[in-house]
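In what follows, a single structure is set out as structure tokens and then discussed.
Throughout, numbering of the chain's residues begins at 1 and tracks the sequence.
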Amino acid sequence: MSAACVIHTPEEIKKIRRACALTAQVRDALAKECRAGMSTREVDMLAGVLIAETGGRSAFRNYHGYPGEICISVNDEVVHGIGRDDRILQETDIVSLDLGVAIDGAVGDTAITLTLGAEPSADVKRLLEGTRRALERGIAAAVCGNYIRDISRAVEEVAREYRLGVVRDLVGHGVGTRLHEPPEVPNFVCPGKGPRLVPGMVLAVEPMFNLGTFRVTTDRVDGWTVRTCDHKWSAHFEHSILITENKPEILTWQKTT
Ligand code: MF3
Ligand code: CO
Ligand code: CO
């Protein structure tokens with residue numbers, strides 16, 4: 001948290017707005033197409049096609065050597081799941097899609113967690129609703145004059161309300177020109193207020209909540225997939241937002257047209 005926050009210029013923000021709008025468009029198109037019976041590799045390939053159609057490219061492919069177009073994380077997988085031919089989605093699964101489009105020197109970052117047809121259990125409903133609510137409440141706290149810690153506190157409060165475990169090893173972040181920029185945006189209150197929010201900051205707010213323990217572990221074979229230690233299920237929702245003089249602008253909001 002030592003590095004200075006990135007404040008984007010109006011020219012950069014124009015480009016970031018576009019990258020984020022395209023990212024949201026791909027997310028929503030992909031969510032519509034993603035269904036039981038597909039392999040996660042097929043989902044990744046489809047994402048690659050949809051991203052290419054925007055004229056941009058995947059912000060994740062080759063990021064620190066990441067091998068996929070997007071991240072596809074199923075059930076107890078928290079984040080960074082890589083599409084696989086032998087992972088066939090089931091109706092009873094929950095799947096999180098995390099993706100970013102890079103175009104013209106700008107990037108977006110967004111994630112959603114979907115159910116695939118079966119009626120979710122009461123616990124899974126609580127998981128999805130709590131994580132979605134935490135993202136909303138975190139965004140509502142992202143007003144200029146507040147601190148990063150106010151976002152963290154708002155997110156953490158919802159986790160407590162819904163009795164969900166908050167992943168601590170991964171955090172939200174600045175975004176815009178690069179996929180990960182300072183500052184960090186933890187989903188739990190840390191010592192110190194963190195930086196103050198000022199117009200021109202673009203933040204990826206991304207609660208990752210678990211039905212059980214907050215503890216997670218990274219797959220030792222693929223080096224990427226993060227899973228819960230107790231194998232209870234996990235959800236992830238993420239928006240890229242712009243801090244303004246007033247309410248934050250949700251740059252990866254769904255298109256209404
Ligand atoms: N999208 C992730 C995030 O929300 C980062 C993915 S990095 C990758 O911060 F290398 F796994 F793609
Ligand atoms: Co993301
Ligand atoms: Co992110």
Side-chain angles (χ1 to χ4, degrees), residues 1 27 31 71 73-80 92-98 109-116 118-173 183-197 201 203-217 226-241 243 246-254:
M1 202 87 100
R27 176 199 62 212
C71 299
S73 309
V74 185
N75 300 345
D76 67 331
E77 296 171 356
V78 179
V79 288
H80 303 168
T92 47
D93 288 338
I94 61 170
V95 58
S96 91
L97 307 173
D98 185 353
D109 191 7
T110 189
I112 46 165
T113 304
L114 307 170
T115 56
L116 293 177
E119 177 67 12
S121 68
D123 277 343
V124 169
K125 277 190 191 154
R126 174 166 60 84
L127 173 67
L128 296 175
E129 191 185 304
T131 315
R132 204 183 290 115
R133 284 287 296 146
L135 175 57
E136 281 171 20
R137 294 254 287 270
I139 292 171
V143 291
C144 85
N146 266 358
Y147 291 82
I148 291 289
R149 206 228 297 249
D150 296 303
I151 302 175
S152 302
R153 186 187 294 109
V155 168
E156 191 176 32
E157 268 172 18
V158 179
R160 201 171 311 118
E161 217 175 279
Y162 281 80
R163 292 174 291 113
L164 296 168
V166 179
V167 174
R168 305 178 74 86
D169 291 1
L170 298 139
V171 295
H173 50 93
E184 293 190 343
V185 185
N187 294 310
F188 51 92
V189 174
C190 297
K193 292 195 261 196
R196 200 182 188 128
L197 304 180
M201 286 175 69
L203 302 176
V205 181
E206 50 177 315
M208 290 157 266
F209 287 178
N210 303 341
L211 272 175
T213 180
F214 69 91
R215 287 178 200 281
V216 299
T217 172
V226 176
R227 291 190 185 82
T228 59
C229 285
D230 60 7
H231 299 294
K232 292 192 178 174
W233 290 10
S234 182
H236 180 207
F237 289 87
E238 174 176 29
H239 275 308
S240 300
I241 66 168
I243 306 303
N246 304 298
K247 283 185 179 175
E249 183 179 330
I250 304 177
L251 301 176
T252 47
W253 194 246
Q254 71 250 33

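- Annotation: the span from Thr110 atom OG1 to Phe237 atom CZ amounts to 10.0 Å, rounded to 0.5 Å.
- For the pair Val167 and Asn187, the minimum side-chain heavy-atom distance is 4.5 Å or more.
- For the atom pair Asp98 CG and His236 NE2, the distance stands at 5.0 Å (nearest 0.5 Å).
- Look at Arg133 and Glu136 and you find a salt bridge, because one of the NZ, NE, NH1 or NH2 atoms lies within 4.0 Å of a carboxylate O, short of that distance.
- Atom NE2 of His231 sits about 12.0 Å away from atom CG of Asn210, to the nearest 0.5 Å.
- Proximity of Arg126 to Leu211: side-chain heavy atoms (C-beta onward) are separated by under 4.5 Å at one or more points.
- Atom-to-atom distance recorded for Glu77:CD and Arg227:CZ is 5.0 Å, nearest 0.5 angstrom.
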Set out, in order, the CA-CA distance, both residues' side-chain angles and the distance that settles side-chain contact (heavy atoms from CB on, under 4.5 Å) for Phe209 and Val166, then state yes or no. CA-CA 5 Å; Phe209 287 178; Val166 179; 3.9 Å; yes
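- Looking at Leu203 and Ile148, their side chains come closer than 4.5 Å, going by heavy atoms from C-beta outward.
- Considering CG of Asn146 and CD1 of Ile243, their distance stands at 9.0 Å, rounded to 0.5 Å.
- You'll find the side chain of Asp169 stays beyond 4.5 Å of the side chain of Val78, heavy atoms only.
- Of all heavy-atom pairs between Val79 and Met208, the closest is CG1-SD, 3.7 Å.
- The backbone N or O of Val74 lies less than 3.5 Å from no partner atom in the side chain of Asp93, so there is not a single donor-acceptor pair.
- Ile94 contributes atom CD1, which lies 8.0 Å from atom OG1 of Thr131 (distance to the nearest 0.5 angstrom).
- Side-chain contact between Leu127 and Thr113 is absent, with no heavy-atom pair separated by less than 4.5 Å.
- A donor-acceptor pair is defined here as one N or O able to donate and one able to accept, closer than 3.5 Å; such a pair exists between the side chain of Thr252 and the backbone of Ser240.
- Side chain of Glu161 to main chain of Val158: no donor-acceptor pair is present (N/O by atom type, distance under 3.5 Å, no hydrogens or angles).
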